[in-house]
Amino acid sequence: MTAEIAPATTNQNKANNFLRQRIADDLETGTTKRVVTRFPPEPNGYLHIGHAKSICINFGLAEAFGGHCHLRFDDTNPEKESQEYIDAIIDDLHWLGFQWHGDTRFASDYFEQLHQWAKLLIGKNLAYVCDLSPEQARAYRGSLTEAGRNSPYRERSADENLALFEKMTAGEFDEGHCVLRAKIDMSAPNINLRDPIIYRIRKFRHHRTANKWCVYPTYDFTHGQSDAIEGITHSICTLEFEDHRPLYEWFLQQLPVPNQPRQFEFSRLNVNYTVTSKRKLKHLVDAGLVDGWDDPRMPTISGMRRRGYAAQSLRNFCDSTGVTRVNGVVDMSQLEFAVREHHNVNAPRAMVVMQPLKIVLGNYDASDAEQLRAPNHPQNEAMGSRSLPFGRELYIDREDFRESANKKFKRLVLGKKVRLRNAYVIFAESVVRDEQGEIVEVHCSYDPATLGADPPDGVKPKGVIQWVSAAHAVGIEVREYDRLFRIENPERAGSDEQALLESVNPNSLRVHRNCLAEPSLAEARPEQVFQFEREGYFVADRHQHTSAKPVFNKTIGLRDSWGKVDNQASNSGAK
RNA sequence: UGGGGCGUCGCCAAGCGGCAAGGCACGGGGUUUUGAUCUCCGCAUUCGAAGGUUCGAAUCCUUCCGCCCCAGCCA
């Protein structure tokens, strides 16, 4: 055995970032002995790409430091939450490849404890029942530049507050009649400290506790204490919660919690041409602009899954964007790179013709029909090969034929040659038109000496195009997507629903019903991804694909340097 | 005009007083039976701006400018 030099980095090494540095410090100085993080979604919608980043950070940190990551549903608002969302979120987490430590947890598991702590606060004269209406409370709160005023109910006695809170809990008051507030400081420059509400009356059936409660703790009174109960050491959230940190710490100091977690904030993920707001995504769903939360155009985890993005790609993308406190917007191209990077290596190749144009090989006898073999991956023999029927009549894509073209067009041109992928070189001799003058057939000849070999004359055709055998092709439906939003930053277009709807791209879905595929594709299983050569990556639809009626979603096109050249040519009129 | 944050290449992002990593995008060359992949090359004399400290500053100090978040009985 020779001495090995330890690799400086592990293969899946994640970039260092301020959270890792901080945790490493905490461990080194003994501030903490272990690392426990948590992913705390509210079950009020489906998870999106932004949550994927939070998931990767929280689970990634726990893994990197040999700790644990919990899953805890932050279910303190029964009006907006449901079991459907819980199930969907759990599905997404598993699909992404993460498993949390221990049971699935719920903030509602701690309602009893939270309620007792609220009474404890009342007993310490640090909480009171306030009868101000929402409008009055807002007025009393002051403004960004003016201090608030004390509520007239602020000095009720602990006994009175306790009695009132018990009445709230018993359901003796209507919603909105009163709330329980922490007694902190109405003149605090941080508005979150101006006697924040910690319990409100909500007469909704809760998806877990049913009708047991009619008072529910607010986020601020729930999150930190839940972290403490679970032994969370590093509570990671996004920047907008930074102003809540003093409050988070205030509750932990006033209450006899078993542990002192600390909160750290990072900037949320934004991607251009899309939105990462559950509220907005829910609006698209409710307005019927998309076909549900997992519509392939949605930036939800389930939408991207249905679109054909690999879980690995999502994880790689999240890792590639880094963890910082800078508000930024990541280019969609960075996500797309991660998607292609994975599929290029893993997706078997196949041939599909999107817009069929018939080819007749005049010198190929129909009775000579043969089975060719094609590798499933050009760079990976281990992926095997498949059989490809070849015959006198074929289909190629309309886009791959022109009666005349300049030398930049490396496809089939009348009077020229082209290579049929995995098969022979053919020569275009003549065209057949219908009554409208449209070309319906191209008559060609093939060169029998070119199967797996260059032409005997040594002149290699410049182009290679995909094809399918007319007698064996399988009809498939292909759904092609364009970006859901026409503007680069729909997130900042405005918060109102109208602005959101106006930014939606009306042509984000195109359905192609007459595509023809090589027969092997009939055996595709739902969610299986292929590269349709020269076109892109496509996935058999998770819900609607069957071998009787194959349906593929276009995940993403191949990088296309020709498209750019061709566009420039047509724009300058020089086709 | 209160409080809290943030400003390094078109985008993301290292950098932690010693003389600007990397990825995406983009441009160009090579290989190629996918105009894909792969590969090679190029891409910030400059770090929001201006002063200052220092032998030396993206890193320290001062001032200024710009952007984001906070006034839900949402999270």
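Chain letters run A, B, ... following the sequence lines, proteins first, then strands; residues in each count from 1. Computed from heavy atoms alone, side chains included, the values below leave out hydrogens, waters and symmetry copies.
Using a 4.0 Å heavy-atom cutoff across all strands shown, H244(A) reaches at least one base atom of the nucleic acid. Within the 4.0 angstrom heavy-atom criterion, base atoms lie near G452(A). P461(A) comes within 4.0 angstrom of nothing in the nucleic acid, heavy atoms only. Residue contacts shown for T222(A) are absent, as no nucleic acid heavy atom lies under 4.0 Å away. Counting any heavy atom pair closer than 4.0 Å across all strands shown, R141(A) reaches sugar-phosphate atoms only and no base atom. Within 4.0 Å (heavy atoms only), V425(A) reaches no atom of the nucleic acid at all. Across all strands, V179(A) comes closer than 4.0 Å to base atoms (heavy-atom distances). At a threshold of 4.0 angstrom between heavy atoms, the contacts of F241(A) include nucleobase atoms, whether or not backbone atoms are also involved. Backbone-only contact: G328(A) has heavy atoms under 4.0 Å from sugar-phosphate atoms and none from a base. Counting any heavy atom pair closer than 4.0 Å across all strands shown, F409(A) reaches a base atom. Residue S143(A) is classed as a base contact, given a heavy-atom separation below 4.0 Å to a base. Base engagement by A423(A) is indicated by at least one non-hydrogen atom pair under 4.0 Å involving a base atom. Residue contacts shown for E242(A) are limited to sugar-phosphate atoms, with no base heavy atom under 4.0 Å away. Among the heavy atoms of the strands lying under 4.0 Å from K460(A) are primed sugar atoms or P, OP1, OP2 only; no base atom is included.
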Step by step, would you call D75(A) with R105(A) a salt bridge (Lys or Arg N to Asp or Glu O under 4.0 Å)? CA-CA 10 Å; D75(A) 55 349; R105(A) 298 151 205 263; over 6 Å; no
Starting from the C-alpha separation in whole Å, work towards a yes-or-no answer on side chain to side chain contact (heavy atoms under 4.5 Å, CB included) for R72(A) and Y110(A). CA-CA 11 Å; R72(A) 179 177 76 237; Y110(A) 315 134; 3.8 Å; yes
After noting the C-alpha distance and the side-chain angles of V468(A) and V352(A), does the key distance pass the side chain to side chain contact (heavy atoms under 4.5 Å, CB included) rule? CA-CA 7 Å; V468(A) 294; V352(A) 166; 5.9 Å; no
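Within the 4.0 Å cut-off from OP1 or OP2 of A36(B), at least one side-chain nitrogen or oxygen of S561(A) is found. Checking the phosphate oxygens (OP1, OP2) of C12(B), no side-chain nitrogen or oxygen of T324(A) falls inside 4.0 Å. Between R200(A) and A75(B), a side-chain N or O to OP1/OP2 separation shorter than 4.0 Å is present. At the phosphate of C73(B), neither OP1 nor OP2 sits under 4.0 Å from any side-chain N or O atom of R202(A). Residue K462(A) has no polar side-chain atom (N or O) positioned under 4.0 Å from OP1 or OP2 of G35(B). R349(A) has no side-chain polar atom (N or O) that falls below the 4.0 Å cut-off from OP1 or OP2 of U34(B). Residue Q21(A) places at least one side-chain N or O under 4.0 Å from the OP1 or OP2 atom of G15(B).
RNA chain B is contacted by both V464(A) and D74(A); V464(A) maps to the nucleotide lying nearer its 5′ end (nearest heavy atom per residue).
In textbook terms, a nucleotide whose glycosidic angle is within 90° of 0 is syn, while G48(B), being further out, is anti.
Checking S320(A) against Q334(A) by side-chain atom types alone, a donor-acceptor pair falls below 3.5 Å.
With a cut-off of 3.5 Å on both pairing distances, C73(B) has no Watson-Crick or G-U wobble partner at all. With a cut-off of 3.5 Å on both pairing distances, the Watson-Crick or G-U wobble partner of G42(B) is C26(B). When both pairing distances are held under 3.5 Å, C6(B) makes a Watson-Crick or G-U pair with G66(B). Pair assignment for A36(B): none, as no Watson-Crick or G-U wobble contacts are both less than 3.5 Å.
Distance noted for atom C1' between G52(B) and C6(B): 24 Å (whole Å). Taking the C1' atoms as reference points, G22(B) lies 23 Å from G29(B), given to the whole Å. The separation of A58(B) from C47(B), taken at their P atoms, amounts to 7 Å, rounded to a whole angstrom. A gap of 14 Å separates the P atoms of A44(B) and G23(B), to the nearest Å. Rounded to whole Å, the P atom of G5(B) lies 31 Å from the corresponding atom of C19(B). G30(B) and A36(B) have their C1' atoms separated by 16 Å, with the value rounded to a whole Å. Between the C1' atoms of G48(B) and C68(B), the separation comes to 15 Å (whole Å). Nucleotides C26(B) and C12(B), compared at atom C1', are 15 Å apart to the nearest Å.
Protein atom CZ of R315(A) is 19 Å distant from nucleotide atom C1' of G23(B), rounded to whole Å. With rounding to whole Å, N327(A) atom CG is found 10 Å from C12(B) atom P. Rounded to an integer number of Å, the gap from CG of N16(A) to P of G23(B) is 18 Å. Here A71(B) presents its C1' atom at 15 Å from CG of L132(A), a figure rounded to the nearest Å. Computed from coordinates, the Q379(A) CD to U34(B) P distance equals 9 Å when rounded to whole Å. Summarising the geometry, the separation between CZ on R268(A) and P on C12(B) is reported as 16 Å, rounded to the nearest angstrom.
The main-chain N or O of E240(A) is never found under 3.5 Å from a side-chain atom of R268(A) such that the two would form a donor-acceptor pair. Side chain of N272(A) to backbone of D331(A): no donor-acceptor contact under 3.5 angstrom is found.
When side chains are defined from C-beta on, R419(A) counts as touching T450(A), because their heavy atoms get closer than 4.5 Å.
Stacking between Y219(A) and A75(B) is absent: the aromatic ring centre is not both under 5.5 angstrom from the base six-membered ring centre and within 30 degrees in plane angle.
With hydrogens and angles ignored, no donor-acceptor pair under 3.5 angstrom links the side chain of R534(A) to the base of U34(B). Applying the 3.5 Å distance criterion, the base of G2(B) shares no donor-acceptor pair with the side chain of E146(A). In terms of polar N and O atoms assigned as donor or acceptor, the side chain of E535(A) never comes within less than 3.5 Å of the base of U34(B) in a complementary pairing. Contact annotation: side chain of D243(A) to base of G3(B), donor-acceptor pair present below 3.5 Å.
For P378(A), the side-chain atoms get nearest to U34(B) when compared with the rest of C12(B), G10(B), U34(B). Distance from the side chain of S333(A) is smallest to C24(B) among C70(B), C24(B), G5(B). The side chain of E240(A) has A75(B) as its nearest neighbour among G35(B), A25(B), A75(B). Here the nucleotide nearest the side chain of T218(A), chosen from A75(B), G23(B), C6(B), is A75(B). Side-chain proximity of R559(A) to the nucleotides U37(B), U34(B), C6(B) is greatest for U37(B).
Ionic pairing of R386(A) and E518(A) is present here: one or more N-O contacts between side-chain nitrogen and carboxylate oxygen are shorter than 4.0 angstrom.
Heavy atoms only, all atoms of each residue included: N150(A) and Y140(A) are closest at O-CE2, 3.3 Å.
For K554(A), the NZ atom is densely surrounded, since the number of other residues' heavy atoms within 6.0 Å is greater than 12.
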